[in-house]
Amino acid sequence: MVKLKIYKKIISVLDDLGFEYNDSFSIELPNNKKFGDYSSNVAMVNSKNSKMNPRKLAETMKKRLEKNDIFSEVTIAGPGFLNFKISHRLFQKALYDIEKQKEHYGRTDYGKGKKILIEFISANPTGPLNIVSARAASYGDTLYRIMKYTGYQPMREFYINDAGNQVDILAESLELRYREKLGESIGEFPLDAYHGDYLKDLAQELVDAEGSKLIHFSEKGRLSKLKNFALTRMHEIQTNSLDKFGVKIDSWISEKTLRKQGIVEEVMSYLTEANVTYEKDEAIWFESSKIGDEKDRVLMKADGTFTYFVPDIGYHITKFQRGFEKLIDVLGPDHHGYIARLKASIEALKYDSSKLDIVILQQVNLFENGEQVKMSKRSGKFITMDELIADVGKDAARYFFISRKSSSHLNFDLELARKKSAENPVYYIQYAYARISSILKKAKKEKIKIGKISLSVLEGLNNDDEIEIIKKMLELPNLLNSISESLEPSRLATYVYELAAEFHKYYQKYSIIDSENIELSKSRLAFITIIQRVIKICLNLMAISTPEKM
RNA sequence: GCGCCCGUAGCUCAAUUGGAUAGAGUAUCUGACUUCGAAUCAGAGGGUUAUGGGUUCGAGUCCCGUCGGGCGUACCA
């Protein structure tokens, strides 16, 4: 709000100056308070347009800007920054504006109702969700919440790869465990089978439900039964983990179902029609190298079956057909080689591949006792999402993952997460929230009532520390919009941490409740009520809880 | 070899997406509870942002090279 006012003033001055100006300058919080409340690079950006050097232009603008009631001071610094000091009165009004928006503060219509599809996790249904999926879940879900808050119409989708080799191997692995439970000797467990203990549990469930009945089925019938059973249970297990993690999936898409609906044939015919396929070595290839990929890719193998790529192309076409204006795929680092061919296929079919944003979440390196643990689903050596939640809690786990930029490889030290969970920054933020609750409770006990917060109450907030916190809170709407644009929800984690830190400092320095000065107490109580609400808005967007007591 | 990503304090990470003197936590050291919650706060030390160039008013951020690390480079998914 304050920034917008400054922006308008600058624009009106530029209009007066009468040259063709560039309006894409910025208005920022300078990182050093001595430069004032806000600063703008407008003079540097428009130096060429005005045919003046930046400082000269800044001088000219300063003179015109000074005759204005919103600036208490305008100065020029460095290469030509215009620095503004804003009247406290304006900040108090802006704070009142935040107050009036209550728990909707920060909500915008920035996204203009655009339909967005966020596909994330999409883990194979061959085992429980692991720590990598947990990162994707935190990321995708938080992004979803923020986009929704900023006026988009996002949807969370999970693509289930329930067709293909890996599912056959799953069925075979389960069969071995099943026989094992029935007392058969299965010898050495095959290397390429799924080794995790979860299959032993599933086998036990089968034995409990069916006894040894399945042994007498035909092999085909048995494997099919085992496969369906495993897929159903895996889906339940994964859904359950996500549920515990606070993540709801709006739409599950099954590869098997897509195949049944003939998507493979459809894609093949489209691609053939588009004249981008050829036959070689008894296989059918896609000429992706002509559309930006490094080499051509196989669509149909020599044995007549199709690669995973084909239904995936079809799947992406359905995303376009369902009317989404923007597609976000959240993938793991081992999929970066996949981007070019996917985009190539979209181009080949005449869809707009620039609508597809692929976010690669870098890998999670797991450490235990100072050593890196190599994770692999086949070997059964991995930390499940459930274990993670049980160890460090949903809130800490979510915050940990969200707070890292998607592009950073992150190290996850299990020992540290378990042992030092109380030192996790998420507690620092929650503590600020709980602390405010506690102060408000005390005020109530002392019969200091704030009631409905009015502008005149907020006028009691006059010191620099209070103004700093107001400025910080004013940043939220722009921040959220910018996160929706840059797809980096990590910035919200940083933001709310900083806000909590400013509150803790403020608390330490000033008494909120001062029985000698009831008026001031009321102002400050109103103030921390608003701070608390902003913290809550942020934590809600990350699906992190806001305990009143800790 | 080729392609993509990463390299910031001892360690884990930030840095308003190109802004001014690169910041937090942790670890080390020093202070602050008879008090609205010490899961907190104040302070000290810790940096040639891997490295060499370039682009411009201005670079941790963009471009090129080099050196390290990860991943990919399947008729697996």
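These values consider heavy atoms only, across backbone and side chains, with no hydrogens, waters or symmetry-generated copies. Quick note on labels: first sequence line is chain A, next is B, and so on, each numbered from 1.
Taking only side-chain nitrogens and oxygens, A/Lys405 comes nearer than 4.0 Å to OP1 or OP2 of B/A15. Here A/Tyr338 does not reach the OP1 or OP2 of B/C71: none of its side-chain N or O atoms lies under 4.0 Å away. In this model, the phosphate group of B/C36 is not approached by any side-chain N or O of A/Ser521 to a distance below 4.0 Å at OP1 or OP2. Between A/Tyr495 and B/A14 there is no side-chain polar atom (N or O) within less than 4.0 angstrom of OP1 or OP2. Side-chain N/O atoms of A/Tyr308 include none lying less than 4.0 angstrom from OP1 or OP2 on B/A77. Taking side-chain N and O atoms only, A/Asn411 has a distance below 4.0 Å to OP1 or OP2 of B/U12. For A/Lys295, a side-chain nitrogen or oxygen approaches OP1 or OP2 of B/A74 to under 4.0 Å.
For A/Lys34 against B/U21, a side-chain N or O and a base N or O form a donor-acceptor pair under 3.5 Å. The base of B/G7 lies outside donor-acceptor range of the side chain of A/His409, with no N or O pair under 3.5 Å. Residue-to-nucleotide contacts include no donor-acceptor pair under 3.5 Å from the side chain of A/Arg404 to the base of B/U12. Between the side chain of A/Ser39 and the base of B/A20, a donor-acceptor pair under 3.5 Å is found. Applying the 3.5 Å distance criterion, the base of B/G19 shares a donor-acceptor pair with the side chain of A/Asn41. In this model, a side-chain donor or acceptor of A/Asn83 finds a partner on the base of B/A20 within 3.5 Å.
Atom NZ of A/Lys48 is separated from atom C1' of B/G58 by 12 Å (rounded to the nearest Å).
Distance noted for atom C1' between B/C62 and B/A24: 26 Å (whole Å). Atom name C1', nucleotides B/A9 and B/G23: the rounded distance is 10 Å, in whole Å.
Residue A/Phe81 and nucleotide B/G19 are not classified as a stacked aromatic pair, given the requirement of ring centres less than 5.5 Å apart at an interplanar angle below 30°. Look at A/Phe35 and the base of B/A20; the rings stack, centres closer than 5.5 Å and planes less than 30° apart.
For A/Lys301, the NZ atom counts as densely surrounded, since its 6.0 Å shell holds more than 12 non-hydrogen atoms of other residues, nucleotides or ligands.
Ring-centre distance between A/Tyr497 and A/Tyr428: below the 6.0 Å cut-off.
Taking only side-chain atoms of A/Lys442, from C-beta outward, the nucleotide of B/A77, B/C13, B/C36 with the closest atom is B/C36.
For A/Lys509, the side-chain hydrogen bond (donor to acceptor under 3.5 Å, both in side chains) partners two or more places apart in sequence, or in a different chain, are A/Asp465.
Contact record, A/Ser511 with A/Arg524: O-NH1, 3.2 Å, taken as the closest heavy-atom pair.
Between A/Tyr308 and A/Tyr159, the angle of the ring planes lies from 30° to 60°, which puts this pair in the tilted group.
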